Protein chains: 2
Amino acid sequence: MPIVWGMADDVFKALADPTRRHILDELTERDGQTLFEICARLVTKHGLGLSRQAISQHLAVLESAGLVHPRRQGRYKFHDLNTEPLECIVTRWLRPDAPGEHP
Amino acid sequence: MPIVWGMADDVFKALADPTRRHILDELTERDGQTLFEICARLVTKHGLGLSRQAISQHLAVLESAGLVHPRRQGRYKFHDLNTEPLECIVTRWLRPDAPGEHP
DNA sequence: TTGATAGGCAAGTCGTAACTTGCCTATCGT
DNA sequence: ACGATAGGCAAGTTACGACTTGCCTATCAA
């Protein structure tokens with residue numbers, strides 16, 4: 001009877017890190033960026049001075065959580081945002097008696 | 001120009017731990033539980049064998065994130081769920097052009 | 001008032017996540 | 001073919017989060 005939230009585990013762990021959330025912000029703004037593009041934009045726009053490998057490992061976490069979909073093309077690897085796992089978790093603790101949605 | 005997601009930091013960190021998510025599940029099912037009630041129900045319903053202090057610290061994290069609202073009454077301390085911080089973060093990476101597309 | 005209940009505070013241990021460093025492979029341009 | 005670009009793999013270090021242990025305070029019931 002208890003719903004299995006197994007897949008939500010990776011999603012929440014992926015969202016726990018602020019750098020990964022910045023990466024998702026970047027991909028929301030422009031989809032299909034490469035690793036180096038993301039590195040550059042994190043430095044210039046968010047002031048984050050991280051090594052390339054750090055970003056690569058963060059992207060791996062986001063991929064394993066299903067939040068980022070990699071797409072290889074030659075020597076490039078483009079990263080597409082995938083918000084589907086998010087929609088599964090947002091309604092978890094929202095009560096049916098609480099219609100507090102206001103746009 | 002960039003929106004400040006400072007308060008979201010605590011929310012995501014609070015949601016990162018599976019035990020804390022179980023606590024939120026419990027409070028969703030029955031609001032206003034005490035620390036000992038939560039301890040007992042986590043053991044019986046979820047099979048989690050944690051000390052009272054562990055749960056207490058988890059509740060402190062949830063409180064500082066604004067997800068749980070404590071309410072003192074005598075020697076009891078009831079915990080109420082507060083989903084307002086959740087509604088602020090769910091729309092962060094949802095694109096305006098993608099209102100629930102289905103591939 | 002005494003004992004039991006409900007909870008808090010402060011250290012200390014331990015595992016894991018984040019980040020770095022160094023080296024390696026693959027693809028493209030010329 | 002060669003060097004430059006884009007990325008991956010595998011260590012090692014470090015810092016933080018989760019959990020425990022021990023003791024303390026506050027409230028209620030007898």
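Heavy atoms only: backbone and side chains are in, while hydrogens, waters and symmetry mates are out. Residue numbers start from 1 in every chain, and the chains themselves are labelled A, B, ... in the order their sequence lines are given, proteins ahead of strands. What you see is a predicted model; the values in this text were computed from it and never measured.
What separates CG of B:D17 from P of D:dC16 is a distance of 18 Å, to the nearest Å. Going from atom CD of A:Q33 over to atom C1' of D:dG7 covers 16 Å, rounded to whole Å. Atoms CZ (B:R20) and C1' (D:dA18) sit 8 Å apart, rounded to a whole Å. A:L59 places its CG atom 10 Å from the P atom of D:dG7, with the value rounded to the nearest Å. One interatomic measurement links the two molecules: CG of A:L35 to P of D:dG7, which rounds to 5 Å at whole-angstrom precision. Put simply, CD on A:Q73 is 15 Å from C1' on D:dG7, counting in whole angstrom units. In this structure, the CD atom of B:Q53 is 16 Å from the P atom of D:dA18, given to the nearest Å. The distance from atom CD of B:E37 to atom C1' of C:dG7 is 14 Å, rounded to the nearest whole Å.
For B:R72 and A:G49, each mapped to the nucleotide of DNA chain C holding its nearest heavy atom, the one lying further toward the 5' end belongs to B:R72. Comparing A:Y76 and A:K13 by the nucleotide of DNA chain C that holds the closest heavy atom to each, the one mapping nearer the 5' end is A:K13. Between A:F78 and A:Q57, the residue anchored closer to the 5' end of DNA chain D is A:F78, taking for each the nucleotide with the nearest heavy atom. Taking the nucleotide of DNA chain D with the nearest heavy atom to each of B:R52 and B:V61, the more 5' of the two is matched to B:V61.
At a threshold of 4.5 Å between non-hydrogen side-chain atoms, the residues A:H79 and A:E37 do not count as touching. Contact check for A:V68 versus A:L24: side-chain heavy atoms found under the 4.5 Å cut-off. Proximity of A:L48 to A:I55: side-chain heavy atoms (C-beta onward) are nowhere separated by under 4.5 Å.
In terms of phosphate contacts, B:T34 brings no side-chain nitrogen or oxygen within less than 4.0 Å of OP1 or OP2 of C:dA6. An OP1 or OP2 oxygen of D:dC19 is reached within less than 4.0 angstrom by no side-chain nitrogen or oxygen of B:S51. The side chain of B:H58 contributes no N or O atom lying less than 4.0 Å from OP1 or OP2 of D:dG17. Neither OP1 nor OP2 of D:dT27 sits under 4.0 Å from any side-chain N or O of B:K77.
Residue B:A54 has its side chain nearest to D:dC19 when only D:dA10, D:dA6, D:dC19 are considered. Of the candidates D:dT5, D:dG7, C:dA6, D:dT5 carries the atom nearest the A:R75 side chain, counting heavy atoms from C-beta on.
In this structure a side-chain-to-backbone donor-acceptor pair under 3.5 Å is missing from A:E26 to A:R41.
Rounding to the nearest 0.5 Å places CG of A:D17 at 4.5 Å from NE2 of A:H58.
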